Structures are given as structure tokens and as C-alpha cells.
Amino acid sequence: MNHNIPQHVAIVMDGNGRWAKSRLMPRPFGHKKGVESVRRAVKFCVNNGVRYLTIFAFSSENWKRPKKEVSLLMSLLMKTLKKEALELQEQGVSVQIIGNRLGFSQDLQDTFDTIEQQTKEGSRLHLSIAANYGGRWDITQACQQLAKQVKEGGLEPEAITEKVIANTITSKGVPDPDLFIRTGGEVRISNFLMWQLAYTELYFCDTLWPDFDDKAFSLALQSYADRQRRFGKTGDQLTGDSNA
Ligand code: IPE
Ligand code: IPE
Ligand code: MG
């Protein structure tokens with residue numbers, strides 16, 4: 001199965017809490033288990049030729065969770081980034097944090113800077129970790145940057161093209177996702193990459209994130225490989241049917 005591998009996979013890693021609950025364990029147990037799934041998914045991408053992976057680690061809406069859970073998630077994020085940095089570097093993974101960093105403690109912001117610096121030479125897989133990320137926030141911050149440039153006279157309003165916007169949102173330089181995966185059974189985007197998902201193939205599965213293993217990932221890639229991406233054209237145009 002190495003034909004038609006998506007270049008960029010974006011994942012909403014959902015279901016940690018329910019995974020723990022079904023085992024009569026507290027939710028943090030599910031989040032800790034979820035970190036193992038992240039490690040496995042990164043390796044899977046490296047081994048299967050996926051070049052870009054974007055994972056939703058913490059949404060701008062997740063601050064609404066109980067204080068205790070939020071602080072557990074913060075310390076898990078910090079610990080994981082510190083613990084995994086060297087291995088990621090060795091695997092050839094470059095890490096980038098996308099999201100509103102200003103919402104995090106100075107310690108965490110420093111940890112983001114450190115891992116980005118440490119892994120910047122990685123060229124096998126580009127891993128974007130979305131933290132305090134919201135798709136609408138991303139588009140809004142791009143609008144603010146561009147409006148400022150217009151106000152200062154460096155940019156004509158007519159020069160704001162889709163390409164300019166794509167280069168102003170936080171995923172600049174990263175191609176749009178080819179495949180979006182959401183685990184955990186919910187069929188929604190939850191304010192993930194609102195601009196970038198315009199033509200992405202969507203895949204939803206019931207598997208809870210801690211159970212998302214190589215087999216589950218392969219099933220998602222298989223579903224992707226079986227699809228015809230038409231981008232507005234007809235199927236016949238793509239298959240070269242003479243009556244098209
Ligand atoms: C996703 O799992 C992880 C984060 C949002 C950080 P959840 O914590 O949302 O798990 P469920 O949806 O409650 O099962
Ligand atoms: C989306 O999951 C965010 C992450 C996976 C980090 P949620 O579990 O927060 O999404 P909703 O609130 O159920 O839509
Ligand atoms: Mg959830």
C-alpha cells in the first residue's frame with residue numbers, strides 16, 4: 001500500500017476522555033495513553049512517506065474544560081515536548097507549533113522555541129502541533145496582519161489574493177492537508193484548519209485516539225487511496241475518457 005499516499009495528513013485526536021472513562025479511569029489517564037498514539041502516528045508517517053502531519057493537541061475552546069484537566073494537559077504537553085525532542089530530531093522530524101502562543105506560560109513558550117530550534121534540520125517529516133489553535137483565530141490574525149500592512153501603505157487591498165492569505169496564516173509554507181482524520185466518532189471539524197481544509201478528503205472513524213494504531217491509520221490511507229479527487233472537474237476528465 002504505497003501508492004497514492006497523502007502528502008499531508010491532519011488529525012483531530014479525539015476520544016481520550018471516553019477511552020479512560022470506559023476503563024473506569026480518570027480522564028488524564030486517557031490523555032497520557034494518547035501521547036503513545038501520537039508517538040506511533042509520527043513513526044507511521046515517517047515510515048510510510050507522509051511528509052507533513054498536523055495534529056490538534058489543544059483547541060482555543062479547550063480552555064473551557066475544568067481547571068484541573070487544563071493544567072494536566074499543559075504539563076503533559078511540556079513534558080512530552082521535552083522528552084521526545086531528541087528522538088524526533090533523530091527520526092528527521094521538524095516540529096512547529098501553530099496557534100496563539102501568547103496564551104501559554106512563558107515556560108511553555110520557551111519549550112516551543114527550543115524544540116523548533118532543535119529539530120529545524122529535520123526533513124523527513126514536518127510535524128505541526130496545533131496548540132491553543134482555532135481555525136477562525138488563524139484567519140483573524142492573518143486579517144489583522146494584512147490590514148496593518150495596508151494601513152502602513154505597504155500593501156494594496158487588491159493585492160490580497162488567496163495566495164497572500166495562505167502565506168499569512170500560521171501554516172504558511174505547508175501545503176493544504178490531503179487527508180483529514182478525526183477519531184472518536186464525532187463528525188465535525190471543531191474549528192480546526194478552517195482555511196486549509198477547503199478541498200481536503202475527510203475521514204471519520206469511531207476508534208478512540210488511544211486505540212488508533214498502525215492498522216487504523218492504514219485503513220484511513222486506504223480510504224484515501226480509493227477516492228478520486230476531482231477539484232471541480234468531472235470524473236471523465238480525470239480518467240481521460242474520450243467522451244468527456
Ligand atoms: C481529545 O480527547 C484530546 C483533547 C481535546 C485535548 P478528549 O479529551 O476530547 O476526549 P473525549 O472526547 O472527551 O472522549
Ligand atoms: C477537538 O476535540 C480538539 C482536540 C482534539 C484538541 P474536542 O473534544 O475538544 O472537540 P468538541 O468540543 O467535542 O467538538
Ligand atoms: Mg473530545
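Note that ligands are numbered from 1 as they come in the structure, with each ligand's atoms numbered from 1 the same way. These values consider heavy atoms only, across backbone and side chains, with no hydrogens, waters or symmetry-generated copies. This chain uses plain numbering: 1 for the first residue, then up along the sequence. Computed from a predicted structure; not experimentally measured.
Between Arg182 and the choices Asp14, Leu202, Ile11, the side-chain contact (heavy atoms from CB on, under 4.5 Å) rule is met once, by Asp14. When each of Phe56, Phe204, Tyr203, Tyr199 is paired with Phe180, the ring-ring contact (aromatic ring centres under 6.0 Å, His included) condition holds for Phe204 and for no other. The one candidate from Arg39, Lys43, Lys79 that meets the salt bridge (Lys or Arg N to Asp or Glu O under 4.0 Å) condition with Glu84 is Arg39.
For ligand 1 and Arg18, the ligand atoms under 4.0 Å from any heavy atom of the residue are 11 (P), 12 (O), 14 (O). Atoms of ligand 1 found under 4.0 Å from any heavy atom of Met13 (numbered from 1 in listed order, with element): 1 (C), 2 (O), 3 (C). For ligand 1 and His31, the ligand atoms under 4.0 Å from any heavy atom of the residue are 3 (C), 8 (O). Atoms of ligand 2 found under 4.0 Å from any heavy atom of Val12, numbered from 1 in the order shown, are 1 (C), 5 (C).
By the 4.0 Å heavy-atom criterion, Gly15 is counted among the residues contacting ligand 1. A heavy-atom separation below 4.0 Å is not found between Lys21 and ligand 1. Every heavy atom of Gly30 sits 4.0 Å or more from the atoms of ligand 1.
Gln91 pairs by the side chain to side chain donor-acceptor pair (under 3.5 Å) definition with nothing, not counting sequence neighbours.
Ligand 1 has no N or O atom lying under 3.5 Å from any N or O atom of Trp19, backbone or side chain. Note: an N/O pair closer than 3.5 Å links Gly17 and ligand 1 by distance alone. Ligand 2 has a nitrogen or oxygen under 3.5 angstrom from a nitrogen or oxygen of Asp14.
Between the side chains of Tyr224 and Asn4, no donor-acceptor pair is found at a separation under 3.5 Å. Checked by atom type, the side-chain pair Asp113/Gln109 shows no donor-acceptor distance below 3.5 Å. Side-chain atoms of Asp176 and Trp195 form no donor-acceptor pair, as typed in the model, at a separation below 3.5 Å. For the residue pair Ser22 and Arg18, no side-chain donor N or O sits within less than 3.5 Å of a side-chain acceptor on the partner. Under the 3.5 Å distance criterion, with hydrogens and angles disregarded, a donor-acceptor pair is assigned to the side chains of Asn62 and Ser59.
Only the side chain of Arg182 comes within contact range of ligand 2, with a heavy atom under 4.0 Å; no backbone atom does. The residue Glu186 has no part lying near ligand 1, judged by heavy-atom distances below 4.0 Å. When non-hydrogen atoms are compared, ligand 2 lies under 4.0 Å from the backbone of Phe58 (N, CA, C, O) but not from its side chain. Heavy atoms of Asn62 found under 4.0 angstrom from ligand 1 belong exclusively to the side chain. Only the backbone of Ala57 comes within 4.0 Å of ligand 1, judged by heavy-atom distances.
Scanning all protein heavy atoms for the shortest distance to atom 6 (C) of ligand 2 gives Phe56 O, 3.3 Å. For atom 14 (O) of ligand 2, the closest non-hydrogen atom on the protein side is Ser190 OG, 2.5 Å.
Taking all heavy atoms of Arg65, Arg188, Glu61 into account, the minimum distance to atom 7 (P) of ligand 2 is reached by Arg65.
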Going by atom type alone, with no hydrogens or angles, which donor-acceptor pairs under 3.5 Å involve a side-chain atom of residues 142-164 and a protein atom two or more places apart or on another chain?
{"from": "Gln145", "atom 1": "NE2", "to": "Gln141", "atom 2": "OE1", "distance (Å)": "2.8"}
{"from": "Thr161", "atom 1": "OG1", "to": "Lys163", "atom 2": "N", "distance (Å)": "3.4"}
{"from": "Thr161", "atom 1": "OG1", "to": "Val164", "atom 2": "N", "distance (Å)": "3.2"}

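Atom 12 (O) of ligand 2 lies below 4.0 Å from none of the non-hydrogen atoms of the protein.
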ring-ring contact (aromatic ring centres under 6.0 Å, His included) between Phe217 and Trp209, intermediate numbers included: CA-CA 11 Å; Phe217 209 149; Trp209 177 248; 8.1 Å; no

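Applying the ring-ring contact (aromatic ring centres under 6.0 Å, His included) definition to pairs two or more places apart or across chains, none involves residues 142-168.
Atom CD1 of residue Ile169 and atom OG1 of residue Thr140 lie 11.5 Å apart, to the nearest 0.5 angstrom. How far CG of Leu219 is from CG of Asp214: 11.0 Å, rounded to the nearest 0.5 Å.
Salt bridge annotation for Glu61-Arg188: absent, with no cationic side-chain nitrogen under 4.0 angstrom from a carboxylate oxygen.
The set of protein atoms (N, O or S) found at less than 2.8 Å from the Mg ion (ligand 3) reads Asp14 OD1, by chain and number.
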